[in-house]
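All heavy atoms count here, side chains included; hydrogens, waters and symmetry mates do not. Proteins come first, then strands; the chains are lettered A, B, ... in the order of their sequence lines, and each starts at number 1. All values reported here derive from a predicted model rather than from experimental measurement.
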2 protein chains.
Amino acid sequence: MGATKTEHFTDKQNQIAILAKALGHPARIAIIEYLMKVDTCICGDIVDKLPLAQPTVSQHLKELKNAGLIKGSIEGNSICYCIDEKAMKKLQSYFAGIFVNLEKKKSNCC
Amino acid sequence: MGATKTEHFTDKQNQIAILAKALGHPARIAIIEYLMKVDTCICGDIVDKLPLAQPTVSQHLKELKNAGLIKGSIEGNSICYCIDEKAMKKLQSYFAGIFVNLEKKKSNCC
DNA sequence: AATCTTTATCGTAATATTGCAATCTGAAAA
DNA sequence: TTTTCAGATTGCAATATTACGATAAAGATT
């Protein structure tokens, strides 16, 4: 054991979980926030902005990329990373949906 | 190593990461979705709805509770869990903010 | 070509997560 | 009070994550 039993859940549940998991680390939140702030997404100085060693940052970038939250394109010698809007929209609308639902039953217990 | 270096990040970044991490498992997404669907939050049959053993479900509930996403109150013999709107709102507005920001700079690279 | 710069990958150690059987706790029912 | 029932906790095995030094890969610069 130790492995998540993904086969027992719906595709959508797994998809959202993958996205949420990828954001479940402060370094990766920091990366996303940095990518948002920077206009030109000439990245690579991400490493300089984070308090982590270069291989660690590279690994976090890989995880964000695997989850589909960012995409990178080769820019000469270096690499240009930026946020993938589609994935971000998926998360945004998921939570918006939950929130609307909660408002509706503006209830009750606990 | 192996432990997240939370001290290097802002409180807000850590907070969002904690919430996201708690949702980073399909079983916990399924729990949240079930709690949303059920009107009366008389819970406890969550175990029956999930393809996991009772101790495992109990652990997932604990993690959601620790993150602040759900709250539980003792209801006689059993326990009544439900979603904590405040935490959900925090996530919702965070992603909404990101999304607005991305729309604004409807740009450019990658 | 030799070197530099940028990013990825490998290997490894420390720690965390996932999952469950067994067991405990505490309230309700008998 | 004994039994029963709902949940939590413990203990453990399997696996995943986090972090980084060392090194590799590949384009840029000299």
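- Listed nucleotides D/dT9, C/dG19, D/dC20 differ in distance to B/Ser58; the shortest reach to its side chain belongs to D/dT9.
- Closest contact between the side chain of B/Tyr81 and the listed nucleotides D/dG7, C/dT7, D/dA8 involves D/dA8.
- A straight line from CG of B/Asp45 to P of D/dA6 spans 10 Å, rounded to a whole angstrom.
- Listed pair B/Thr56 / C/dC20 meets the phosphate criterion, a side-chain N or O lying under 4.0 Å from OP1 or OP2.
- A/Asn77 places its CG atom 18 Å from the P atom of C/dT3, with the value rounded to the nearest Å.
- If you take CG of A/Leu50 and C1' of C/dT7, they are 15 Å apart, rounded to a whole angstrom.
- B/Ile29 has its CD1 atom 16 Å from the C1' atom of C/dT18, to the nearest Å.
- D/dG7 atom C1' lies 11 Å from atom CD1 of B/Ile46, rounded to whole Å.
- If you chain together hydrophobic residues whose side chains sit under 4.5 Å apart, B/Phe95 and A/Met36 fall into the same group.
- Rounded to whole Å, the distance from CD on A/Glu75 to P on C/dT7 is 11 Å.
- Between C/dT7, D/dC20, C/dA16, one nucleotide has an atom nearer to the side chain of A/Gln54 than all others, and that is C/dT7.
- As a whole-Å value, the separation of A/Lys21 NZ from C/dA16 P is 16 Å.
- Using a 4.0 Å heavy-atom cutoff across all strands shown, A/Leu52 reaches sugar-phosphate atoms only and no base atom.
- The nearest whole Å value for the distance from the CG atom in A/Leu61 to the P atom in C/dT6 is 15 Å.
- The 5' end of DNA chain D is approached more closely, in terms of each residue's nearest nucleotide, by B/Lys62 than by the other of A/Glu63 and B/Lys62.
- Across C/dG19, C/dA16, C/dA8, the shortest atom-to-atom separation from the side chain of A/Ile79 is found for C/dA8.
- The aromatic rings of B/His25 and A/Phe9 stand perpendicular to each other, their planes meeting at an angle above 60°, with 30° marking the opposite boundary.
- Listed by first and then second residue, the side chain to side chain donor-acceptor pair (under 3.5 Å) pairs that reach into residues 11-20 of chain A are A/Thr10-A/Gln13, A/Gln13-B/Glu33, sequence neighbours excluded.
- Between A/Leu69 and A/Arg28, the closest side-chain pair of non-hydrogen atoms is not below 4.5 Å.
- The shortest distance between side-chain heavy atoms of B/Ile83 and B/Leu64 does not fall below 4.5 Å.
- Candidate nucleotides D/dG7, C/dA21, D/dC20 were compared by shortest atom distance to the side chain of A/Ala53, and D/dC20 ranks first.
- Residue order along DNA chain D, read from the 5' end via each residue's closest nucleotide, puts B/Gln59 first among A/His25 and B/Gln59.
- In this model, the phosphate group of D/dA19 is approached by a side-chain N or O of A/His60 to a distance below 4.0 Å at OP1 or OP2.
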